[in-house]
Amino acid sequence: QVQLVESGGGLVQAGGSLRLSCEASGGPFSNYAMAWFRQAPGEEREFVAAITWAGENQYYADSVKGRFSISRDNSRNTMYLQMNNLKPEDTAIYYCAARTAGWGPGYYDYWGLGAQVTVSS
């Protein structure tokens with residue numbers, strides 16, 4: 001069973017950038033398709049971006065397309081989310097997630113505890 005730990009969150013001004021990392025342990029990282037989700041206060045958790053097992057394909061929510069970039073380094077058991085031109089509405093707890101069957105939005109088997117991202121106006 002894979003364990004996931006997010007890092008890299010923080011406070012940034014609108015228009016700024018942050019990079020989140022998700023480090024995996026407890027299983028072959030390349031066995032898992034990965035994704036980022038987020039949950040803002042009072043809102044439901046929403047899909048942000050997904051990446052295939054070897055990183056050759058990515059998929060983004062319309063709200064972050066062109067601003068966020070998902071990537072992974074299987075040699076480091078780590079996935080990343082580069083977030084540029086951040087907006088106050090990007091403020092949320094960001095979660096990384098993993099699953100073995102399929103990829104993209106939808107159900108994931110394993111979750112990290114989350115990293116807070118706060119964007120000030």
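Index from 1, following the sequence.
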Problem set entry | Donor-acceptor pair, side chain of Gln3 and main chain of Gln1, under 3.5 angstrom | yes
Problem set entry | Donor-acceptor under 3.5 Å (Glu6 side chain, Gly114 main chain) | yes
Exercise. Once you round to the nearest 0.5 Å, how far does OG of Ser121 lie from CD of Glu89?
Worked result: 10.0 Å
Problem set entry | Straight-line distance of Glu23 CD to Asp73 CG, nearest 0.5 Å | 11.0 Å
Exercise. Is the side chain of Arg38 donor-acceptor paired with the backbone N or O of Val48 at a distance under 3.5 Å, no angle test?
Worked result: no
For this session: Would you give the length of the straight line joining atom CG of Asn57 to atom CD1 of Ile70, rounded to the nearest 0.5 angstrom?
Result: 11.5 Å
Exercise. What's in the same ILVMFWY side-chain cluster as Ile93, cut-off under 4.5 Å, chained through other members?
Worked result: Phe37, Phe47, Trp53, Tyr59, Tyr95, Trp103, Tyr108, Trp111
Problem set entry | Lys65/Asp62 salt bridge by N-O under 4.0 Å criterion | yes
Exercise. Hey, does the side chain of Arg72 reach the backbone of Asn74 with a donor-acceptor pair shorter than 3.5 angstrom?
Worked result: no
Problem set entry | Atom pair OG1 (Thr91) and CD (Gln116), whose distance is rounded to the nearest 0.5 Å | 7.5 Å
For this session: Can you tell me which residue pairs pass the ring pair (Phe, Tyr, Trp, His ring centres under 6.0 Å) test with a partner in residues 63-92, sequence neighbours excluded?
Result: none
Exercise. Would you say the side chain of Tyr60 lies within less than 4.5 Å of the side chain of Arg67, judging by non-hydrogen atoms?
Worked result: no
Exercise. So, the side chain of Ser69 versus the backbone of Gln82: is there a donor-acceptor pair under 3.5 Å, distance only?
Worked result: no
